[in-house]
Amino acid sequence: QVQAAESGGGSVPAGASLRLSCTASRKTFDDYAMGWFRRAPGTEREGVACISWSGDDTYYSDSVKGRFTISRDNARNTLYLQMNNLKPEDTAIYYCAHAASCNNWWQLVNNQRIQSWGQGTHVTVSS
C-alpha cells in the first residue's frame with residue numbers, strides 16, 4: 001500500500017528553481033505535521049523543512065532558510081517544497097515524511113529514525 005509519492009525532481013544548473021510535490025494517502029496526511037528530508041550518497045538523512053498540520057508553523061534547516069518554502073494543501077493531501085537559488089550542495093534524494101508534530105519530526109531526523117513510504121525524488125544541481 002503506497003502511502004506517499006514524491007515528484008518534481010530533476011537536473012538543473014546552480015541558481016535554478018524546482019518545486020517538489022508529495023502526494024500522500026489521507027491516512028498519512030490527516031492530523032500530521034509533514035516535512036521534507038534529503039539524503040545525499042554516503043551521508044545521513046538531513047532535515048530540510050517541516051510544516052504543522054494547519055500550515056501555520058514552518059521550520060527550516062539553516063542550510064535552506066531563505067531559499068526553500070514548504071507548504072501544504074490539506075484538501076489535496078499534497079505537500080510542496082519550492083526550492084529557489086539551488087546550489088550543488090542541495091543535490092540529494094528528497095523524501096517526504098510525517099510525524100505527530102514538527103518537534104517530533106526533527107527529533108526523528110536527528111536520531112536518523114525518520115522514514116518515508118515513498119521512493120523519493122532525485123535533485124541534481126550542477127555548478
Side-chain angles (χ1 to χ4, degrees):
Q1 180 181 359
V2 175
Q3 294 183 296
E6 300 93 345
S7 63
S11 295
V12 297
S17 298
L18 284 172
R19 189 191 194 203
L20 306 185
S21 298
C22 166
T23 301
S25 65
R26 187 172 186 84
K27 181 180 179 180
T28 301
F29 214 79
D30 272 0
D31 298 327
Y32 286 105
M34 296 289 297
W36 292 92
F37 69 94
R38 64 190 181 186
R39 191 166 192 177
T43 69
E44 294 186 333
R45 300 173 184 90
E46 178 190 5
V48 174
C50 184
I51 185 168
S52 62
W53 178 84
S54 67
D56 290 340
D57 300 303
T58 56
Y59 306 89
Y60 299 91
S61 67
D62 288 342
S63 61
V64 306
K65 198 173 296 183
R67 299 188 297 124
F68 291 10
T69 301
I70 189 171
S71 61
R72 64 191 294 164
D73 184 339
N74 288 347
R76 292 182 168 82
N77 295 343
T78 303
L79 176 73
Y80 302 100
L81 185 68
Q82 177 66 43
M83 306 189 297
N84 297 330
N85 190 23
L86 282 161
K87 303 177 180 180
E89 51 263 43
D90 295 319
T91 295
I93 302 174
Y94 285 70
Y95 302 89
C96 62
H98 70 267
S101 68
C102 278
N103 186 53
N104 179 233
W105 194 91
W106 286 107
Q107 287 179 339
L108 290 171
V109 169
N110 292 335
N111 293 331
Q112 293 296 298
R113 291 172 57 197
I114 194 80
Q115 292 183 343
S116 174
W117 282 268
Q119 297 300 309
T121 186
H122 291 245
V123 173
T124 302
V125 184
S126 57
S127 58

Self-check item: Closest non-hydrogen atom pair between V64 and V48, with its separation
Solution: CG2-O, 3.5 Å

Quiz item: What's the spacing between R38 CZ and S63 OG if we round to 0.5 Å?
Solution: 4.5 Å

Quiz prompt | Partner set under side-chain contact (heavy atoms from CB on, under 4.5 Å) for Q82, not counting sequence neighbours | solution = S17, R19, T69, N84

Quiz item: Please walk me through it: do D73 and Y80 pass side chain to side chain contact (heavy atoms under 4.5 Å, CB included)?
Solution: CA-CA 8 Å; D73 184 339; Y80 302 100; 4.1 Å; yes

Exercise. Tell me whether V123 is reachable from F68 by hopping between hydrophobic residues (I, L, V, M, F, W, Y) whose side-chain heavy atoms are closer than 4.5 Å.
Key: yes

Quiz item: Under a 4.0 Å N-O cut-off, is there an ion pair linking D62 with K65?
Solution: yes

Quiz item: Any idea which heavy atoms bring S126 and P88 closest together, and the distance?
Solution: C-CG, 4.4 Å

Exercise. To the nearest 0.5 angstrom, please state how far the CG atom of D31 sits from the CG atom of N74.
Key: 9.0 Å

Quiz item: What residue among Y32, F37, W105 forms ring pair (Phe, Tyr, Trp, His ring centres under 6.0 Å) with H98?
Solution: Y32

Quiz item: Passes side chain to side chain contact (heavy atoms under 4.5 Å, CB included), D90 versus M83? Steps please.
Solution: CA-CA 10 Å; D90 295 319; M83 306 189 297; over 6 Å; no

Quiz prompt | Validation row: N110, Q107 side chains within 4.5 angstrom (heavy atoms) | solution = no

Practice problem: Please report the closest heavy-atom contact between C50 and A33, naming both atoms and the distance. | Solution: SG-CB, 4.1 Å

Quiz prompt | Heavy-atom closest contact (D56 atom, S52 atom, distance) | solution = N-OG, 3.4 Å

Quiz item: Atom CG in L20, atom CH2 in W36: separation rounded to 0.5 Å?
Solution: 4.5 Å

Quiz item: Do L18 and I51 share a hydrophobic cluster, counting only Ile, Leu, Val, Met, Phe, Trp and Tyr and linking them when any side-chain heavy atoms are less than 4.5 Å apart?
Solution: yes

Practice problem: May I ask you to decide if Q112's main-chain N or O and R45's side chain share a donor-acceptor pair within less than 3.5 Å? | Solution: yes

Quiz item: Taking all non-hydrogen atoms of both residues, which atom of L81 and which atom of A49 are closest, and how far apart?
Solution: CD1-CB, 4.4 Å

Quiz prompt | Reported CD-to-OH distance for the pair Q115 and Y95, which is rounded to 0.5 angstrom | solution = 11.5 Å

Quiz prompt | Atom pair CE (M34) and OG (S71), whose distance is rounded to the nearest 0.5 Å | solution = 11.5 Å

Quiz item: Counting only N and O atoms by type, is there a donor-acceptor contact under 3.5 Å from the side chain of T91 to the main-chain atoms of V125?
Solution: yes

Quiz prompt | hydrophobic_cluster_shared for Y60 and L79, side chain cutoff 4.5 Å | solution = yes

Exercise. Measure the spacing between CG of L108 and SG of C102 and express it to the nearest 0.5 Å.
Key: 11.0 Å

Quiz prompt | Nearest atoms (heavy-atom pairs only) where C96 meets E6 | solution = N-OE2, 3.0 Å

